[in-house]
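The following block contains the structure, expressed as structure tokens.
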Amino acid sequence: MNVTILGAGAYGLGLALRFNKNTKKIIIWSKVEEEIKELGKTKENKNALPGVKMPSNIVFTTNTKKAIEGSNIVVIAVATKYVSSVCDEIKPFVKNKHIVIASKGIEQDTNSFASIIVKNKLKTKKLCTISGPSFAKDMASDALIGLSLATTNKKTKEVVTNALASDTLKIRTTNDFIGVELCGTLKNIIALAAGMLDGMGMSESTKAMFLTESLNDVRLLIKKLGGNEKTILSFAGFGDILFTSF
């Protein structure tokens, strides 16, 4: 099983290290030549993930065709505002690949989640989204973490889970793209408000009340938008909201 990571930032590198536990070949791609040159020379991205050395078997490239050809799984780990342009660039090479979205948030111009952008651009059914409480540094240090994986494709669920899950990475699967991506978007807004409560000197009891109300609001919004309200109790929901807020 071969994996391509699109994005050489902190989270992309963290994911590469996790995939590297189970897969034969990892290629990390970026359009930023300086990043790729530094990684190729020092095996480290000092700006994104200082102190973390990448294994010698991981390949780094700016060549899109080289990065994707021969891979079974393609992971999109760029900022959401770049997802559309990255899809345009990789479209000629991703036929029959399993696509994993690790980008969180909503595209500003279209108000679209990343999964909607990818579906529209790549016309693929082999698609999943991963989300959950996971700092890149914890991914890199092999800390015990959990991720939600949303997909409606049985084969993609099987392939990606087998390639990523390990004794230190637990995956819970769901078919609820809406719930997982909505939680991944709203958790930052909730965390900002939780930080404001800290700045105002509010008690932990008040902060706990706020987070409980927030979780219930997100649950109702998931249901209203057609998702599964139980997703609020997942790694992508409660897990990531609590993690980011504290």
Side-chain angles (χ1 to χ4, degrees), residues 9-12 14-15 18 48-49 77-81 83 100-117 128-152 161 164-165 168-246:
Y11 204 69
L15 279 172
R18 291 305 178 113
L49 204 58
V78 299
T80 301
K81 64 180 178 179
V83 169
V100 180
I101 301 170
S103 308
K104 296 180 182 179
I106 296 175
E107 187 179 54
Q108 187 170 350
D109 293 339
T110 64
N111 295 323
S112 296
F113 290 125
S115 67
I116 301 300
I117 299 168
C128 70
T129 291
I130 55 171
S131 186
S134 50
F135 279 138
K137 64 179 182 179
D138 295 333
M139 298 280 280
S141 68
D142 204 30
L144 181 61
I145 62 172
L147 295 174
S148 296
L149 188 153
T151 185
T152 56
T161 298
L164 189 55
T168 57
L169 199 162
K170 182 178 181 63
I171 290 181
R172 288 189 179 274
T173 61
T174 175
N175 61 4
D176 184 19
F177 276 101
I178 292 173
V180 167
E181 292 190 282
L182 188 62
C183 287
T185 300
L186 295 180
K187 57 104 177 180
N188 286 331
I189 300 169
I190 294 168
L192 284 170
M196 292 176 188
L197 291 176
D198 283 338
M200 294 165 64
M202 295 293 186
S203 69
E204 294 301 309
S205 299
T206 301
K207 190 173 178 180
M209 182 214 70
F210 164 72
L211 289 174
T212 303
E213 288 293 284
S214 297
L215 288 168
N216 192 54
D217 289 345
V218 176
R219 176 185 67 83
L220 294 173
L221 188 55
I222 291 171
K223 183 178 180 180
K224 188 70 174 178
L225 293 178
N228 184 345
E229 61 182 324
K230 291 183 180 179
T231 299
I232 194 61
L233 298 176
S234 69
F235 291 131
F238 173 78
D240 213 2
I241 290 171
L242 188 69
F243 167 79
T244 312
S245 296
F246 282 93

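Each residue takes its place number in the sequence, starting with 1.
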Rounded distance (nearest 0.5 Å) linking atom CD1 of I232 with atom NZ of K230: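 Rounded to the nearest 0.5 Å, the CD1-NZ separation comes out at 14.0 Å.
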Non-hydrogen atoms of S103 and A114 that approach each other most closely: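 Scanning both residues completely, I find the closest heavy atoms to be O-CB, 4.2 Å.
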With sequence neighbours excluded, residues passing side-chain hydrogen bond (donor to acceptor under 3.5 Å, both in side chains) with S203: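 Once residues adjacent in sequence are excluded, the partners of S203 under the side-chain hydrogen bond (donor to acceptor under 3.5 Å, both in side chains) criterion are T206.
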Which residues share a ring pair (Phe, Tyr, Trp, His ring centres under 6.0 Å) with F246, sequence neighbours left out: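 For F246 there are no ring pair (Phe, Tyr, Trp, His ring centres under 6.0 Å) partners, ignoring immediate neighbours.
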Within 6.0 angstrom of F135 CZ, more than 12 heavy atoms from elsewhere: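 Count not over threshold, so no.
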Separation of L164 CG from I171 CD1 (nearest 0.5 Å):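 Spacing of CD1 (I171) from CG (L164) equals 4.0 Å.
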Heavy-atom closest contact (A10 atom, A48 atom, distance):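 A10 and A48 have their closest heavy atoms at CB-O, 3.4 Å.
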Pairing residues for N216 by the side-chain contact (heavy atoms from CB on, under 4.5 Å) criterion, not counting sequence neighbours: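 Expected list: R219, L220.
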Using distance only, find each side-chain donor-acceptor pair of residues 140-148 under 3.5 Å and give its atom names and separation, not counting sequence neighbours.
unit_1: S141; atom_1: OG; unit_2: K137; atom_2: O; d: 3.2
unit_1: S141; atom_1: OG; unit_2: D138; atom_2: O; d: 3.3
unit_1: D142; atom_1: OD1; unit_2: K21; atom_2: NZ; d: 3.1
unit_1: D142; atom_1: OD1; unit_2: T168; atom_2: OG1; d: 2.7
unit_1: D142; atom_1: OD2; unit_2: K21; atom_2: NZ; d: 3.3
unit_1: S148; atom_1: OG; unit_2: F235; atom_2: N; d: 3.4
unit_1: S148; atom_1: OG; unit_2: A236; atom_2: N; d: 3.0

Inter-residue atom distance S112.OG - I117.CD1, 0.5 Å rounding: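 These two atoms lie 5.5 Å from each other.
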Heavy-atom donor-acceptor pair, R18 side chain to M139 backbone, under 3.5 Å: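 Between the backbone of M139 and the side chain of R18 there is a qualifying donor-acceptor contact (under 3.5 Å).
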Salt bridge (Lys or Arg N to Asp or Glu O under 4.0 Å) contacts touching residues 195-204 (sequence neighbours left out):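 Found D198-K207.
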Audit row: I222, C183, side-chain contact (heavy atoms from CB on, under 4.5 Å) steps and yes/no: CA-CA 8 Å; I222 291 171; C183 287; 3.7 Å; yes
Partner residues of D240 under the salt bridge (Lys or Arg N to Asp or Glu O under 4.0 Å) criterion, sequence neighbours left out: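 By the salt bridge (Lys or Arg N to Asp or Glu O under 4.0 Å) rule, D240 matches K104.
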Listed partners of T231 passing side-chain hydrogen bond (donor to acceptor under 3.5 Å, both in side chains), at least two apart: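 Scan of T231 (side-chain hydrogen bond (donor to acceptor under 3.5 Å, both in side chains), adjacent residues dropped) gives D176.
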Separation between CD1 of I241 and CG of L211, rounded to the nearest 0.5 Å: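 Taking CD1 in I241 and CG in L211, the distance rounds to 8.5 Å.
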Rounded distance (nearest 0.5 Å) linking atom OG1 of T129 with atom CD1 of I178: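 If I round to the nearest 0.5 Å, the distance is 11.5 Å.
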Heavy-atom side-chain contact between T151 and T173 under 4.5 Å: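 T151 does not reach T173 side chain to side chain.
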I116/T110 under side-chain contact (heavy atoms from CB on, under 4.5 Å): CA gap, chis, key distance, verdict: CA-CA 10 Å; I116 301 300; T110 64; over 6 Å; no
Results of ring pair (Phe, Tyr, Trp, His ring centres under 6.0 Å) for Y11 - residues two or more places apart only: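 Checked Y11 against ring pair (Phe, Tyr, Trp, His ring centres under 6.0 Å); zero matches.
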Residue pair F238 / L215: nearest heavy atoms and the distance that separates them: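 Taking F238 first and L215 second, the nearest heavy atoms are CD1-CD1, 3.6 Å.
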OG1 on T80 to CD1 on I101, rounded to 0.5 Å: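 Result: 9.0 Å between the selected atoms.
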Test side-chain contact (heavy atoms from CB on, under 4.5 Å) applied to T185 - qualifying residues, sequence neighbours left out: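 So T185 forms a side-chain contact (heavy atoms from CB on, under 4.5 Å) with I106, F113.
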Sequence-distant partners of F210, side-chain contact (heavy atoms from CB on, under 4.5 Å), two or more places apart: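 F210: side-chain contact (heavy atoms from CB on, under 4.5 Å) contacts with I190, A193, A194, L197, S214.
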Under the side-chain contact (heavy atoms from CB on, under 4.5 Å) test, residues paired with T212 that sit two or more places apart: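 Result, side-chain contact (heavy atoms from CB on, under 4.5 Å) vs T212: none returned.
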Non-hydrogen side-chain atoms of L186 and I189 separated by less than 4.5 Å: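 In contact.
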